[in-house]
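Worksheet: the structure to be examined is printed underneath.
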Protein chains: 2
Amino acid sequence: MKADQAVAALAALAQEHRLALFRLLVQAGEKGLAAGAIAEALAIPNSSLSFHLTQLRAAGLIEQRREHRSIIYRAHYSAMNALLTYLMENCCAGTGCDPEPACLVQQEEGKSL
Amino acid sequence: MKADQAVAALAALAQEHRLALFRLLVQAGEKGLAAGAIAEALAIPNSSLSFHLTQLRAAGLIEQRREHRSIIYRAHYSAMNALLTYLMENCCAGTGCDPEPACLVQQEEGKSL
DNA sequence: CCTATATTTCCAGAATTATGGAAATAAGGA
DNA sequence: TCCTTATTTCCATAATTCTGGAAATATAGG
């Protein structure tokens, strides 16, 4: 991951409504949620929600698909993991970070982040 | 962790210089780095660096201590882990997130995040 | 006390971002 | 085609953030 992608992803998450929205999608899992359901859950006007969905999508953190009349959004987990990995890359100069429980993210890889 | 703390931490990281700075400190480990060394490594004017250090510190992501004439900064790993955990909280509706390698952060807890 | 080093504070201009109502677009069914 | 539902685009206002030079503050040593 490159620095400007990471900045874009962090900026996308650094907003009250978008953070709540992203977490909602993280918790919803692979099946995702329709835009209308999100607007209702978060009590945000449609036009504002659409703006925030666009921001998250531009940052690569969520995906959309159309299903009948609804547009379904879901979290893009691998993008999220790439971000977490980037943040903690080469952490603690390789010393293991004790006694703090840092460096968690990098220990379970070998898969496509 | 509460939502507004998470937003503050993400906003602090969502800036080119601050992200590079934070990662530099993550990689430097517990011994940290002096402000001057950071300014040199990142090629940022002192006043700008000081602004960014203040932002990161206000968000709880870094700590400072004085050592002789220098002020040493280091990453606050537990705050970082609290943020990562918050982002992925209850992820994938408990289904395990396969086939994506998400949900990494929460699997190694039992320690003070 | 004077000097050198290290870092922060002050400031104002430039740039970016969030908001929500109203209108526009898209899809599906009668 | 016409109607209903679902979502996005447009727009102007308001608010926030970044920048870096110059001056101020803090520490240490001679």
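Residue numbering restarts at 1 for every chain, and letters A, B, ... go by the order of the sequence lines. Predicted, not measured: the structure shown is a model, and the values here were computed from it.
If you take CG of L42(B) and P of dT7(C), they are 13 Å apart, rounded to a whole angstrom. Nucleotide dG21(C) holds its P atom 13 Å from the CD1 atom of I44(A), rounded to whole Å. For the pair L56(B) CG and dC18(D) P, the computed distance is 10 Å after rounding to whole Å.
For residues 8-21 of chain B, proximity to DNA chain D is found at Q15(B), H17(B), R18(B), defined as any non-hydrogen atom under 4.0 angstrom from a strand atom.
The list of side chain to side chain donor-acceptor pair (under 3.5 Å) pairs with a residue in residues 33-49 of chain A, not counting sequence neighbours, is empty. Sorted by first then second residue, the salt bridge (Lys or Arg N to Asp or Glu O under 4.0 Å) pairs that include residues 45-60 of chain B, not counting sequence neighbours, number zero.
In terms of the side chain to side chain donor-acceptor pair (under 3.5 Å) criterion, residue partners of E63(A) (sequence neighbours excluded) are, by chain and number, R74(A), H76(A). Taking the side chain to side chain donor-acceptor pair (under 3.5 Å) definition, one finds that H17(B) meets it with nothing, sequence neighbours left out. Remark: I38(B) pairs with L21(B), L24(B), L25(B), L33(B), L42(B), L49(B), L53(B), Y73(B) by the side-chain contact (heavy atoms from CB on, under 4.5 Å) rule, at least two apart or across chains. Under the side chain to side chain donor-acceptor pair (under 3.5 Å) criterion, R65(A) pairs with E67(A), not counting sequence neighbours. Scored by the side-chain contact (heavy atoms from CB on, under 4.5 Å) test, A59(A) finds A12(A), L61(A) as partners (sequence neighbours excluded).
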Query raised in the report: Using a cut-off of 4.0 Å between protein heavy atoms and nucleotide atoms, how would you tag nucleotides 3-16 of chain D 5' to 3' with B, S and -?
Result: -BBSBBB-------
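Under a 3.5 Å cut-off, the side chain of E89(A) and the backbone N or O of R23(B) do not form any donor-acceptor pair.
Considering only side-chain atoms of Q55(B), the nucleotide from dC18(D), dT19(D), dG20(D) that sits closest is dC18(D).
Taking only side-chain nitrogens and oxygens, H52(B) never comes nearer than 4.0 Å to OP1 or OP2 of dT17(D).
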